[in-house]
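For reference, positions follow the sequence shown, starting with 1. Start at 1 and go down the list; that is how both ligands and their atoms are numbered.
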Amino acid sequence: MCTSIIYPAGDYYFGRNLDLEVDLGQRIVITPRNKNLEFREMPNLEHHYAIIGMSIIRDDYPLYFDGINEKGVGMAGLNFNGPAHYFPVQQGKDNIASFELVPYILATASSVNEAKKLLANANIANLNFSDKLQAAPLHWIIADKTGASITVESTIEGLKVYDNPVGVLTNNPEFPRQLVNLSNYRGISPTAPENTIAPKVDLPVYSRGFGSHFLPGGMDSESRFVKATFAKMHAPVGNSEVENITNYFHILQSVEQQKGLDEIAPNTYEYTIYSDGSNLSKGIFYYRTYENSQINSVDMHKENLETSELITYRVQNQQEINHQN
Ligand SMILES: C[C@H](CCC(=O)NCC(=O)O)[C@H]1CC[C@H]2[C@@H]3[C@H](O)C[C@@H]4C[C@H](O)CC[C@]4(C)[C@H]3CC[C@]12C
């Protein structure tokens with residue numbers, strides 16, 4: 001399972017937790033402006049916006065899990081096993097394979113509005129990257145540096161693009177149902193509630209944090225949707241980049257999956273392999289991993305973006321303890 005958020009703090013910060021049972025060997029990958037991007041059913045893009053994000057590379061192609069572009073648009077693919085449905089290539093449509101969608105949108109859209117226009121005639125084609133890398137059942141969140149955010153879901157009913165008023169995405173069920181479920185938690189608050197159940201009875205507030213007594217805390221995607229929304233909506237805005245990115249990671253950590261808590265097969269557990277977040281205005285990509293709580297950063301603008309070869313950075317996975325004596 002995964003969780004993705006956009007956090008407003010002066011600048012906007014966008015990224016995700018990647019929860020899975022295996023590390024796929026992803027790297028931080030920068031696609032510079034002149035890297036020739038090939039698509040199965042769409043024209044090549046020889047010149048486009050530069051992208052930075054978490055990705056694996058196969059046959060010199062960046063298979064992004066999530067990323068942002070130099071215009072301040074961010075996008076993440078999250079598991080959507082069950083409802084996800086991709087279609088055969090359709091005449092007259094912009095046929096984009098599911099594994100092409102992140103590079104396609106980030107290479108060409110300078111805002112969420114532009115992404116919406118690109119998606120208006122899109123068909124998510126049921127093509128596999130290769131026999132070994134079959135299409136993954138995903139849905140997507142797209143956000144930009146103005147704070148706008150949408151959810152993209154291709155189901156048996158076709159391609160749906162929803163405005164995302166909370167700026168959060170997890171996994172199943174379909175996005176509208178996540179919002180309906182959120183209504184059940186209208187009362188969740190940082191403040192202790194009034195005694196409305198029996199006003200004449202003395203019901204003491206016997207603990208701090210009473211306003212979130214009924215906040216779900218499970219690993220499941222409905223629980224994470226509610227918890228991440230609560231954490232994000234009430235997160236403070238810091239006075240510096242360091243404070244903001246620190247707050248950002250605290251929000252994602254509220255829905256982190258620790259090893260041992262989510263058994264997906266006998267003795268196999270899903271866990272938060274990495275958390276990442278980018279400053280959408282500055283093009284700085286930050287991440288931490290399960291093994292390494294240090295916040296690391298890669299600034300796309302410190303690379304020459306006018307080049308044509310993929311640029312990669314190894315994920316720093318070593319915990320460094322600052323021994324003070
Ligand atoms: C499984 C995760 C989503 C995390 C999640 O929700 N996980 C677990 C769960 O709920 O079961 C998704 C996010 C991005 C996906 C990858 C990207 O889409 C890129 C690539 C696309 C290929 O079609 C399949 C492999 C490959 C490399 C995908 C494998 C599955 C990934 C890594």
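Note on ligand 1: Tyr64 sits in its first shell, one or more heavy atoms being nearer than 4.0 Å. For Gln26, the heavy-atom gap to ligand 1 stays at 4.0 angstrom or more. For the pair Ser98 and ligand 1, no heavy-atom separation below 4.0 Å is found.
Those atoms of ligand 1 with a heavy atom of Leu133 less than 4.0 angstrom away are 25 (C). The contact set between ligand 1 and Cys2, taken as ligand atoms under 4.0 Å from a residue heavy atom, comprises 3 (C), 4 (C), 5 (C), 6 (O), 7 (N). Contact atoms of ligand 1 toward Leu24: 32 (C) (distance under 4.0 Å to a heavy atom of the residue). Listed by number with element, the atoms of ligand 1 under 4.0 angstrom from any heavy atom of Asn171 are 6 (O). Close contacts of ligand 1 with Leu138, meaning ligand atoms under 4.0 Å from a residue heavy atom, involve 12 (C), 18 (O). Remark: ligand 1 atoms within the under-4.0 Å shell around heavy atoms of Gly77 are 13 (C). Annotation for ligand 1: atoms under 4.0 Å from non-hydrogen atoms of Gln134 are 22 (C), 23 (O), 24 (C).
The side chain of Leu20, and not its backbone, has at least one atom closer than 4.0 Å to an atom of ligand 1 (non-hydrogen atoms only; side chain from C-beta on). Heavy atoms of Ile56 found under 4.0 angstrom from ligand 1 belong exclusively to the side chain. Residue Ala135 touches ligand 1 through its backbone alone, judged by heavy-atom distances below 4.0 Å. If you look at Glu270 next to ligand 1, the close heavy atoms, those under 4.0 Å, all belong to the side chain.
Pro32 and Glu309 get closest at one heavy-atom pair: CG-O, 3.1 Å.
For Ile197, the CD1 atom sits in a loose shell: 12 or fewer heavy atoms of surrounding residues, nucleotides or ligands are nearer than 6.0 Å.
Remark: the Ser275 side chain and the Gln253 side chain contain no N/O donor-acceptor pair separated by less than 3.5 Å.
Below 30°, between 30° and 60°, or above 60°: for Tyr206 and Phe210 the angle between ring planes is above 60°, a perpendicular geometry. Ring planes of Tyr7 and Tyr13: tilted class, angle from 30 to 60°. Between Tyr61 and Phe99, the two ring planes are perpendicular [angle over 60°; tilted spans 30° to 60°].
Considering backbone and side-chain N/O atoms, Arg16 never comes within less than 3.5 Å of an N/O atom of ligand 1. Some N or O of Asp19 is nearer than 3.5 Å to an N or O of ligand 1, by distance alone.
Cation-pi geometry between Lys259 and Tyr271 is met: under 6.0 angstrom from the ring centre, within 45 degrees of the axis. Cation-pi check for Arg177 over Phe225 is not met; the charged atom does not lie both under 6.0 angstrom from the ring centroid and within 45 degrees of its normal.
Between Asp276 and Arg288, no side-chain nitrogen of the basic residue sits less than 4.0 Å from a carboxylate oxygen of the acidic one, so the salt-bridge criterion is not met. The pair Glu153-Lys160 does not meet the salt-bridge criterion, since no charged nitrogen lies less than 4.0 angstrom from a carboxylate oxygen.
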